[in-house]
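Values below: all heavy atoms of this structure, side chains included; hydrogens, waters and symmetry mates excluded. Indexing begins at 1, ligand by ligand and atom by atom, following the structure's order.
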Amino acid sequence: MRIIIMGPPGVGKGTEAELLVKHYQIPHISTGNIFRELYKDRTTVGKIAKEYISRGELVPDDITNEIVRHRLNHQDVKKGFLFDGYPRNIEQAKALDEMLAKQGTKLDAVINMTAPEELIIERISGRRVCETCGAVYHIHNKKPKQEGICDHDGTQLIQRNDDLEATVRRRLRIYKNQTAPVIGYYEKAGAIIHINGTQSIKEVDAQVMKALGETN
Ligand SMILES: [Zn+2]
């Protein structure tokens, strides 16, 4: 099964991705992870990618596509893969199609998870975390016993900068600008499956499985 999963931050994409890789026993490939591995292995491409990332810039398409091409030659992707965070634009999507065509394969599905912007903002900006044990709470959906205090160790909970409303709005805007054309590209190819991310984890998974032709 060769799958791409797309969706804005806070839509529940990570959870569904984990269920899919477990179900199909396929590697979960995010370019962010490959970049970090390449950097740890002290490769030149890893160093170059790191420089872009630490400047807050996107890694150029040719570098990204090159490392994906490399990754697709590994033995563990013979059974399939799940891409997460790639392709990020039409150039990358076209490059991926070409790579797969050369291998005589193609994508089976592109899963696009969606949720109303206001709901995503509420989900993320309501998060509070404990810096001591890593526990994650939510001001409405998963309250600690005592407001603002971790149940496990009594640490004062904090809101991460990434979770601030203004930051979330900015991330959503960037996501939309980048990926709307990619979604259009796959829509034209008839490969896209839209999944409503406001449902429960179980409902989301059931819908994805059904769309992928897995009955019961
Ligand atoms: Zn804690």
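Note that the CG atom of Leu72 and the CG atom of Leu96 stand 6.5 Å from one another [nearest 0.5 Å].
Around the Zn ion (ligand 1), protein atoms of type N, O or S found under 2.8 Å number 5.
Taking the ring centre of Tyr52 as origin, the terminal cationic atom of Arg55 falls inside the region bounded by 6.0 Å and 45° from the ring axis.
A distance-only check finds no donor-acceptor pair linking the side chain of Glu16 to the backbone of Lys13 [under 3.5 Å]. A donor-acceptor distance shorter than 3.5 angstrom exists from the side chain of Thr43 to the backbone of Leu38, with no hydrogens or angles considered. The backbone N or O of Asp84 lies less than 3.5 Å from no partner atom in the side chain of Ser30, so there is not a single donor-acceptor pair.
Ion pairing of Asp151 with Lys142 is absent here, as no side-chain N (NZ or NE/NH1/NH2) approaches a carboxylate O to less than 4.0 Å.
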